[in-house]
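Here the structure is laid out as structure tokens; the discussion comes afterwards.
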Amino acid sequence: MTQPSPTATTGPSPAPGAGAAPGAGAPTRVLVLNSGSSSVKYQLLDMKDGGRLALGLVERIGEETSRLVHTPLLGGGGEKREKHGPIADHAAALKAVAEELAADGLGLDSPELAVIGHRVVHGGLRFTEPTVIDDAVLAEIERLVPVAPLHNPANLTGIRTAMSLRPDLPQVAVFDTAFHTTMPEWAARYAIDVETADAHRIRRYGFHGTSHAYVSRETARLLGKAPEEVNVIVLHLGNGASASAVAGGRCVDTSMGLTPLEGLVMGTRSGDIDPAVTFHLMRNADMSAEDVDVLLNKRSGLVGLCGDNDMREIRRRIDEGDARAALAFDIYVHRLKKYIGAYYAVLGRVDAVAFTAGVGENAAPVREAAVAGLEELGLAVDAGLNAERSDEARIVSPEYARVAVAVVPTDEELEIARQSYALVSGLAGEA
Ligand code: ADP
């Protein structure tokens, strides 16, 4: 299969070897769908310029209190529209989305729609690139359900629903794991019995790959360099959080593993923990595997440590002298600093440390504390630059610092749209 360039820097680009860009009049719109177990987030983009035409979400699918929020953005945008009332399933949700888009003159039946791009969480080792979805691809995503039981079934439902609405249109899967498939074996393997690991496909896959790919490339752009020329540590700090070491545009290590539980301290997840904690609790605390799963995924991390998982609230409590909130913050930052140090060693030379996602983009105190004391490694933030608020990618380290500290807003939807469009316009060029 022809693959899109993973290192395209701006705008849509056809797949290598695909010939010229699609001709004038070829469809250029991409619908990006991110289907969760009870929600669908969507954006419609036009790859002529990467601009957004509409975005929205449907949440609480299957409940009485479902809600659709639609924001038209075409021609300067319009009023946000909200609809409340039961939406039974993903098929009904997508139909409701299609109606909202049609009301803005952007219906799914439009000949200007080139492709639907789907976020798929787990692509295992097989999917190293965005992939046009057919029956074999659907079957493989299904086969990966045991390693992504929460996410892949929801992603599949979204894909099947979209396929039934526009069976004639190419649908592309963009995998959260794909960017990490370049990790060398010594980073990807756990040090456990090889036969057991292979029999159960246990290895480190990594997640948030679309964001790590986008942010590492944008960081290179910010430095005025090609992705191949720079080594970047990317810190994606949202509710889920992960770090990656990116050498010359390729991921060489990342903090999430078999599942998104490993690594950094997160909003509700523990991150790294001695695995013996699991069987200790099962043997001594009358907890089942399911109970421990819920503890580590839902009742740990910042929320487990101090009762709050929103960094804004934690900072507010610290300002009021709350010791539990302060300790939670310190544990969060300590783990972050350990990963910066580890990935510095993995990369050998680091050009930039890039902060992204809700916490990374907004929480100046986290950025400051994470690099505090690392001057010997060439890392520092400029207090004034770090405190400035902006939606733009920017450098917040002082000029003298050897390593740039960057704040780079992530844009997973744009990245999914670019990759999906690049793939199908490449295919169209070959036809
Ligand atoms: P996800 O996509 O993983 O749900 P986001 O990337 O949207 O998460 O990040 C959400 C988190 O970002 C919130 O839980 C909160 O901790 C943090 N956050 C958002 N805005 C701010 C802010 N202004 N200051 C500090 N933290 C913020």
Side-chain angles (χ1 to χ4, degrees), residues 32-43 55-60 69 119 121 148 150-151 154-155 174 176 206-215 218 234-244 254-256 259-271 297-320 322 324-326 328-333 335-336 354-370 381 386-394 396 407-416:
V32 176
L33 290 180
N34 181 351
S35 308
S37 55
S38 65
S39 70
V40 176
K41 292 187 196 140
Y42 62 94
Q43 288 196 9
L55 57 82
L57 89 156
V58 187
E59 55 188 1
R60 298 195 287 276
V69 185
R119 175 184 181 217
V121 166
L150 295 181
H151 295 102
N155 301 156
V174 177
D176 262 22
F207 299 88
H208 291 148
T210 308
S211 176
H212 286 281
Y214 176 85
V215 170
E218 284 298 301
V234 178
L235 303 169
H236 176 111
L237 311 177
N239 228 332
S242 61
S244 68
T254 193
S255 60
M256 284 178 168
T259 76
L261 181 56
E262 191 179 346
L264 300 173
V265 176
M266 310 185 208
T268 66
R269 291 176 222 151
S270 62
N297 276 294
K298 303 250 164 72
R299 297 198 288 121
S300 296
L302 292 170
V303 90
L305 289 166
C306 74
D308 272 308
N309 62 343
D310 192 313
M311 193 53 80
R312 284 163 289 202
E313 187 58 18
I314 291 170
R315 292 303 309 174
R316 197 192 56 71
R317 284 172 55 185
I318 293 172
D319 288 344
E320 288 177 352
D322 185 318
R324 266 182 78 191
F329 182 86
D330 289 347
I331 294 170
Y332 182 94
V333 166
R335 184 83 53 86
L336 204 49
F355 287 84
T356 193
V359 175
E361 291 167 29
N362 296 298
V366 169
R367 297 193 294 261
E368 187 185 333
V381 295
N386 191 39
E388 270 172 33
R389 298 194 61 83
S390 162
D391 293 336
E392 300 290 318
R394 59 202 185 277
V396 299
V407 181
V408 180
T410 192
D411 196 337
E412 289 162 283
E413 288 77 16
L414 177 59
E415 180 69 16
I416 291 171

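Fair warning: this is a prediction, and the values are worked out from it, not measured in the lab. Atoms within each ligand, like the ligands themselves, are counted from 1 in listed order.
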For [X], all residues meeting side-chain contact (heavy atoms from CB on, under 4.5 Å), sequence neighbours excluded:
X: Ala393; answer: Leu222, Val408, Pro409
X: Ser270; answer: Leu261, Ile273, Leu296, Ser300
X: Asp310; answer: Arg312, Glu313

Could you tell me the separation between the CZ atom of Arg315 and the CZ atom of Arg317, rounded to the nearest 0.5 Å? 12.5 Å
Could you name the protein residues that come within less than 4.0 Å of ligand 1, counting only heavy atoms, and order them by chain and residue number? Gly238, Asn239, Gly240, Asn309, Asp310, Met311, Arg312, Ala357, Gly358, Val359, Asn362, Ala363, Arg389
Within the structure provided, determine whether Val366 and Met311 are in side-chain contact (heavy-atom separation under 4.5 Å). yes
Counting C-beta onward and ignoring hydrogens, is there a side-chain heavy-atom pair between Ser242 and His236 closer than 4.5 Å? yes
